[in-house]
Amino acid sequence: MTATAATALYLLWLAAAPTAGDGHVLEGARLFRENRFSEALVEFRVAEQLGATDAGTYAAATLVKLDRPEEALELFEREAHTTPGADALLDYYRSLACYGARLYLSADALLAALGERTGPRIGEQARQIRKDIAAAVPTEPPPDSVDWYLARARVHQANHRPDLARAFVREARLLGARRTDQHGVAEADALLEKLPARVSSTP
Amino acid sequence: VIGPLVLATLLAQAAPLDPCAPVPPTEPDRPGAVAYRMVGDDERAAGREESAIAAYRAALARDPALQPARDALAALCTERRRDAAFEQGLAAVRAGDCRAALPPLDEARAAGDRPASLLAGMCRYRLGDDEGAEAALREAEAAPATAASARLYLGLLALRRERPGEAAALLEAAAADPALKPLARELARTARQEGRVVLSALLEGGWDSNPSLTPGTSYTPSGASSAVGDLTAVATVAPWRDRGPYATAAASAHVVAADSSLDLRGIGLEAGLPIGPPRRRLLVEYGYDDRRLGGARYLTAHRLLLDGRAALSDGWSAGGSYLVRREEYQQADSAGDSGLRHAAELDVSRLLGPGLLLTAGWHGVLDAAHDPSRAYVDHGPLLTAAAPIGSQVLLTVQAAWSWRVYQATDPNFDVTRADTYLDLATRLEVALGARWTAYATGAARRARSNIPDYTSSRLVALAGLSYTLGIP
């Protein structure tokens, strides 16, 4: 699957407009394919600095591989042009970042939207993860769960990580909306309103 | 369950990068090298060692003279070697091989790893290298994360070096760490109460339901109960501490408020010699007792005690004791009780979990009194459980059963006396500080005899306070 994913990332890159950092993206994709994720991340980071289109998104996918889900999530959030639905493979990595950061309903929503747009192997894995999430998240989550996500969002906001805070607030809102009393939904909306708007890292 | 498995598969990593390996040069690219270095700095600042190494290596491949990247990679190389040495040492410590652990731990120490200093100090302490242990533990004491554990071992070291004052101060400092507090406080308390000279005093007061052993089955026979009090003072001199001969002098007074004829005063003198290490120790002790009952001379006795205990595996230990006492009763109506008294006990103990000590044993007595109707054989089982409650309280519960058969017909009743005894006792000890301990004890005895005059029951409840001072 790794080679398939790397090839897909490479094809995605080919489809984008070339920039000064494109050589680094190419090198990053090669290293990614060879499972050399730390080195791939460095190439994508350098490419980002040199203005390569989508390098941030590829770096985010690589961060998922490096088990750094919150950083990956932050990067996916920051890359405004990669809104969910634009690319199935990146959505899959984004869902894994959500899952790793315990944003289970956000992950589930991304996986549900994947449908059959990915290959059968990823599709099967997505179905298994969704089953796990369905078993783990109660139909009516306890208020403590909603509050935990809101608290984490405030911590991230205080630490000047608004993109990450936004992801946690959205998860809190999804959880709260499952409850009949809509616990935390209004607070989540208020927090979302206060968080700064997304700022794209792309020129 | 599948989700984490999928993630684990996805996160399968290539072999870690080696920050110490030579960097093969590529086509020179100074601006590119600077970009890699900046990524390396970001990753390193975020604690992402692996990607920082990749970035610095990429920078140096393009510009081998880029000094900040060279310095950063050299530092990561030192850290990696230090961490590898620590891990190797830790694995050896976990495998119980302190000798094998020391070379890598010392390598990590030399690179400034203070947890390695702590482990090296602990290993040297275990191996008996006191000076080496102290040097390593002093290093660990200087780092906040390892200071408390280092002080605990420095305290143990001071105890072994027979410096109880220094040990107590170190152990009390180690008790600032909540995880070490129970052990460190207990050891500090022991250190404060140990010394070449130990003085202690115990004051107890309470209630005895039947001090005169009024016959009957009631635990509280009408009019028999009394307030009681005890005062005991003990002085022990042990020039070689627990490794050589010692002498002890004790004086005690037991007062029965309702009947002064039952007041008992006594002195005891002992001299003993421990033989062998603490895990397999035999104690030989001579003692002399002089007791007065109701103000009149009552009993003098010489005694010899042999007491041994050996630690076995898995928390088990076994013990045995033998005591022979030559008793001389001084009053005419009890002179027939004089003679040799032999007492022996065998037991096994098992330490279970966090401090619960269970002991099961059998005790026996052969009392060869001059008057055969007063001589008897007595034996039976005993069970003891002792468990700490929190860090300052110890609860002990004991139960014993005895069968006693006298050796000749009792001339007063024209029958050979045969008794059974059931004893239950509990004791709560509360450590109040370095030298004070509070006690509460409760005891019950039911004696049954084929001669009704010797059937009796008794309850005793006492509360007391003791003070122990160790003088180094």
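In what follows, every chain begins at residue 1, and chains take the letters A, B, ... in the order their sequences are listed.
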Name every donor-acceptor pair, under 3.5 Å, that has one atom in a side chain of residues 92-99 of chain B and the other anywhere in the protein, sequence neighbours excluded.
unit_1, atom_1, unit_2, atom_2, d
Asp97(B), OD1, Arg99(B), N, 3.4
Asp97(B), OD1, Ala100(B), N, 3.2

Under 3.5 Å, is there a donor on one side chain and an acceptor on the other for Asp41(B) and Tyr56(B)?
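Indeed, the side chains of Asp41(B) and Tyr56(B) share at least one donor-acceptor pair under 3.5 Å.
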
Between Asp147(A) and His183(A), do the side chains contain a donor N or O and an acceptor N or O under 3.5 Å apart?
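A pair is found: one side chain offers a donor N or O, the other an acceptor, under 3.5 Å apart.
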
Among the listed options Val42(A), Ile133(A), Leu41(A), the residue most often paired with chain B at heavy-atom distances under 4.5 Å:
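Greatest number of close heavy-atom pairs with chain B: Val42(A).
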
Please rank Ala35(B), Gly32(B), Gly40(B) by heavy-atom pairs under 4.5 Å with chain A and give me the top one.
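So the answer, after comparing Ala35(B), Gly32(B), Gly40(B), is Ala35(B).
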
To check you understand the geometry: which heavy-atom pair defines the closest contact between Arg178(A) and Pro138(A), and what is its length?
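Result for this residue pair: NH1-O, 3.1 Å.
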
Under 4.5 Å from any heavy atom of chain B - which part of Gln49(A):
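The side chain, not the backbone.
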
